[in-house]
Amino acid sequence: MSPVDAANTVVDIDLGDRSYAIHIGAGLLDQASSWQGLPRARSALIVSNETVAPLYLARLQAQLQPHYPQVLTVILKDGEAYKDWHSLNAIVDQLLAHAADRKTVLFALGGGVIGDMTGFAAAIYMRGVPFVQVPTTLLSQVDSSVGGKTAINHPLGKNMLGAFYQPERVIADLATLDTLPQRELSAGLAEVIKYGPIADAAFLDWLESNMDALLARDRAALAYAVRRSCEIKAWVVGQDEREQGLRAILNFGHTFGHAIETGMGYGAWLHGEAVGCGMVMASDLSVRLGLMPASFLARMQRLVAWAGLPTQAPAMAPERFIELMQVDKKAEGGEIRFVLIESLGKAVMRGAALDLVADVIRAHSLLAAA
Ligand code: NAD
Ligand code: GLY
C-alpha cells in the first residue's frame, strides 16, 4: 500500500468479543458516521483537559448529543503530573454526582494521559462501563489509544496502577494533529520509530525516507505512519493482549525511559522524549551484548535526533537509574528485563549484567559530560 492510500482507513484489532475498529482519517471528529453504532445509553461522559477542551470539546458534544440524552463533561488539569488518583476521582465524582448508570459511555478526548485515565475509570466504574478513545496527539493515535492498557502513575513508579480494558472504538482524527505543539509531535514520533526495529525493518527504512515529511506534518505521511503503527500494534496485541510475552516488545526503550520520567518527576521529560532516549540506550545495550552491529546504534541515534528527540539522558547517577528500573513492571524478582533488538524487525526480552547497564547509562547521559 502506498502512503497516499492510507487516508481514511480502518484497522481492526482482533480480540474475540473485545474486538474493535481503529478509524484513521482527517475530519473524523465532525463525521456523523464516526459516532454511529456505539452502545446506547442515557448518558455519555466526555473526559478532556484544559488544553484540548477549548479546541475540540464543543465539536464532540455536538456529535454525541443526538445519541445520548445527557452529555456530561469533566475537564481535568493538563499534564503527566495529573495522571493520578485525584484526577481519577474527579471522573468518578462526576459520574456519581449525575447518577450515571452502568451503561454510561465514556469518551477520552485528548492525548495518552486522558486516554489512560479515562480507560481506567471506565474499567472500575460499576465494575466496567464502555469507553471510546478519541486520541488527539500523535503518540496516542499510534500507541496509547490502542490495546487496552489503562493506568495512572504512582509517585514511585510510572503506570503502576491500572487495568487491561479495551475501548469500544478508536477515532483518530488526523486533523487534530494540526494544533499539536512541535515538541509533542516529536514525542509521538518516538513511539512511531519503535515499531521499525521491533517489528518491521522496511518501516524503519520508510521512516528514514519520510522523517522530514512527518516533521512538516505532511498529511499523507502522517496517515501512513499512524496506520502502519496501528497495524503493528494490533498484530502484537491480537496475539498477546495481557502481555504474557510478545506484547512486551512494545516497551522497547521504555525501561530506560520510565526511569527517566520517574526520576526527573512526571512531566519534566515528555513520555516520548524519555522513550526516544531510552531506545538509544536499549540499542547500545543490544550492541554491547553482541546482538546487533555498532552501525545499528548509530542509525538509531541519528533517527531519534532527527525526530527532534533527546539522545542523552539527564544527569542521574547509574545507581539511581538502576534502582528506578528495578520497579519496572517487566522486572522479575528484582532482575531488570530489557527489550533488545536481535535483528532488524525482531525484538527479544532478556536481562543484562548491571555493570554493562551502568556503562550504557554513563555512555548516554549528561553525567558523562559533567
Ligand atoms: P499528553 O496526553 O500529556 O498530551 C500531550 C500534550 O498535548 C498535553 O499538553 C495535551 O493537553 C496536548 N494536546 C493533546 N492533543 C492536542 C491537540 N490536538 N492540540 C494541541 N494540544 C494537544 O501526552 P501523550 O504524549 O499523548 O501521552 C503520553 C501518555 O501516554 C503517558 O502517560 C504514557 O504513559 C501514556 N502511554 C500509554 C500507552 C498505553 O498503551 N496505554 C502507550 C504509550 C504511552
Ligand atoms: N505501549 C505498550 C503497550 O501497549 O503494550
Side-chain angles (χ1 to χ4, degrees), residues 13 29 47-57 59-60 75-84 87 108-120 123 133-153 157-167 170 172-192 194-195 198 217 229-230 232-234 236-237 239-255 257-258 261-262 266-267 269-276 309 329-330 339:
I13 175 156
L29 193 57
V47 182
S48 194
N49 73 22
E50 291 170 340
T51 305
V52 178
L55 296 168
Y56 302 111
L57 178 64
R59 285 160 57 188
L60 181 56
I75 309 304
L76 303 171
K77 287 200 188 317
D78 183 6
E80 187 73 37
Y82 298 100
K83 188 179 168 181
D84 61 6
S87 300
L109 176 66
V113 168
I114 289 295
D116 280 13
M117 280 196 295
T118 306
F120 191 27
Q133 289 274 15
V134 191
T136 61
T137 62
L138 180 60
L139 186 141
S140 55
Q141 294 188 355
V142 300
D143 192 352
S144 63
S145 66
V146 174
K149 276 191 182 176
T150 75
I152 57 172
N153 297 327
K158 176 88 182 137
N159 291 334
M160 279 295 151
L161 305 155
F164 287 100
Y165 195 69
Q166 302 295 342
V170 179
D173 185 341
L174 300 169
T176 61
L177 303 181
D178 291 350
T179 54
L180 197 64
Q182 198 67 16
R183 186 179 169 197
E184 299 291 350
L185 188 83
S186 290
L189 288 171
E191 301 281 21
V192 176
K194 88 174 171 196
Y195 291 112
I198 64 165
R217 300 176 201 228
S229 300
C230 288
I232 295 170
K233 183 147 188 188
V236 172
V237 173
Q239 294 176 75
D240 182 20
E241 182 183 7
R242 289 180 168 252
E243 201 167 309
Q244 301 301 300
L246 177 71
R247 183 167 179 165
I249 68 169
L250 297 172
N251 283 318
F252 177 51
H254 286 58
T255 309
H258 283 168
E261 284 187 270
T262 308
Y266 299 125
W269 276 51
L270 300 182
H271 175 72
E273 291 172 340
V275 168
L309 295 161
K329 288 192 289 312
K330 292 183 296 306
V339 181

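Both counts, for ligands and for their atoms, begin at 1 and track the order of listing.
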Undergrad: Counting heavy atoms only, name the option from Leu109, Leu76, Val113 that's nearest to atom 3 (O) of ligand 1.
TA: Val113
Undergrad: Looking only at protein heavy atoms, which one is nearest to atom 21 (N) of ligand 1, and how far off is it?
TA: Pro181 CD, 3.8 Å
Undergrad: Counting from 1, what ligand 1 atoms have a heavy atom of Leu55 closer than 4.0 Å?
TA: 19 (N), 20 (C)
Undergrad: For atom 22 (C) of ligand 1, which candidate among Asn159, Asn153, Leu180 holds the nearest heavy atom?
TA: Leu180
Undergrad: Are Lys158 and ligand 1 in contact, using a heavy-atom cut-off of under 4.0 Å?
TA: yes
Undergrad: What's the shortest heavy-atom distance between Leu29 and Thr176, and which atoms?
TA: CD2-CG2, 4.4 Å
Undergrad: Counting only heavy atoms and a distance below 4.0 Å, can you name the residues contacting ligand 2?
TA: Asp143, Lys149, Lys194, Lys233, Glu243, Arg247, Leu250, Asn251
Undergrad: Taking the side chain from Ser186 and the backbone from Leu309, do they hold a donor-acceptor pair closer than 3.5 Å?
TA: no
Undergrad: Below 4.0 angstrom from a heavy atom of Asp78, which ligand 1 atoms are there? Numbered from 1 as shown, please.
TA: 8 (C), 9 (O), 10 (C), 11 (O)
Undergrad: Give the single entry among Val142, Leu138, Thr179, Asp173 that approaches atom 20 (C) of ligand 1 most closely by any heavy atom.
TA: Thr179
Undergrad: Quick one: does Glu80 get an N or O within less than 3.5 Å of an N or O on ligand 1?
TA: yes
Undergrad: For the residue pair Met117 and Val47, establish whether any side-chain heavy-atom pair is separated by less than 4.5 Å.
TA: no
Undergrad: Which part of Leu139 is near ligand 1, with near meaning a heavy atom under 4.0 Å away: side chain, backbone, both or neither?
TA: side chain
Undergrad: Atom 4 (O) of ligand 1: which of Thr137, Leu177, Asp116 has the nearest heavy atom?
TA: Thr137
Undergrad: Applying side-chain hydrogen bond (donor to acceptor under 3.5 Å, both in side chains) between Glu191 and each of His254, Gln141, Lys233, report the one that passes.
TA: His254
Undergrad: Checking side-chain polar atoms at under 3.5 Å, does Lys83 have a donor or acceptor matched by the opposite partner on Asn159?
TA: yes
Undergrad: Whether the side chain of Ser145 engages the backbone of Ser140 through a donor-acceptor N/O pair (distance < 3.5 Å, no angle test) should be reported.
TA: yes
Undergrad: Strictly under 4.0 Å, does any heavy atom of Lys233 approach an atom of ligand 1?
TA: yes
Undergrad: Mark up the atoms of ligand 1 that fall under 4.0 Å of a heavy atom belonging to Lys83, in ascending order.
TA: 31 (C), 32 (O), 33 (C), 34 (O), 35 (C)
Undergrad: So which of Thr136, Thr51, Asp143 gets nearest to atom 43 (C) of ligand 1, if we judge by its closest heavy atom?
TA: Asp143
Undergrad: Within a distance under 4.0 Å of any heavy atom of Asn49, pick out the atoms of ligand 1 and give their elements.
TA: 10 (C), 11 (O)
Undergrad: Which atoms from ligand 1 have a heavy atom of Glu191 less than 4.0 Å away?
TA: 43 (C)
Undergrad: Under the 3.5 angstrom rule, does the side chain of Glu273 hit a backbone N or O of His271 as a donor-acceptor pair?
TA: no
Undergrad: Just heavy atoms, cut-off under 4.0 Å: does His271 contact ligand 1 by side chain, backbone, both, or neither?
TA: side chain
Undergrad: Take a 6.0 Å sphere around OH of Tyr82 and say whether it holds more than 12 heavy atoms from other residues, nucleotides or ligands.
TA: no
Undergrad: If you have a sec, work out which protein heavy atom is nearest atom 13 (N) of ligand 1 and how many Å separate them, to one decimal?
TA: Val52 CG2, 3.7 Å
Undergrad: Can you name the closest pair of heavy atoms from Ile114 and Asn49 and give their distance?
TA: CD1-CB, 3.9 Å
Undergrad: Test your reading of the model: is there a side-chain donor-acceptor pair from Arg247 to the backbone of Val237, 3.5 Å cut-off?
TA: no
Undergrad: Identify, by atom number and element, the atoms of ligand 1 in contact range of Thr176, meaning under 4.0 Å from any of its heavy atoms.
TA: 17 (C), 18 (N)
Undergrad: Under a 3.5 Å distance rule, please check whether Gln166 uses its side chain to pair with a backbone N or O of Gly147 as donor and acceptor.
TA: yes
Undergrad: Do Tyr56 and Ser48 have a side chain donor and acceptor closer than 3.5 Å?
TA: no
Undergrad: Using a 3.5 Å distance criterion without hydrogens, assess whether the side chain of Arg217 forms a donor-acceptor pair with backbone atoms of Leu180.
TA: yes
Undergrad: Does any part of the side chain of Lys149, heavy atoms only, come nearer than 4.5 Å to the side chain of Tyr165, both counted from C-beta?
TA: no
Undergrad: Enumerate the atoms of ligand 1 whose separation from the nearest heavy atom of Ser144 is less than 4.0 angstrom.
TA: 36 (N), 37 (C), 38 (C), 39 (C), 40 (O), 41 (N), 42 (C), 43 (C), 44 (C)
Undergrad: Output yes when a side-chain donor or acceptor of Asp240 lies under 3.5 Å from a complementary backbone atom of Gly245, and no otherwise.
TA: yes
Undergrad: Atom 29 (C) of ligand 1: which of Gly112, Ala108, Gly119 has the nearest heavy atom?
TA: Gly112
Undergrad: Using a distance-only test with no angle check, is there a side-chain donor-acceptor pair under 3.5 angstrom linking Thr51 and Asp78?
TA: yes
Undergrad: Run the numbers for me: atoms of ligand 1, each under 4.0 Å from some heavy atom of Glu184, listed by number.
TA: 5 (C), 6 (C), 7 (O)
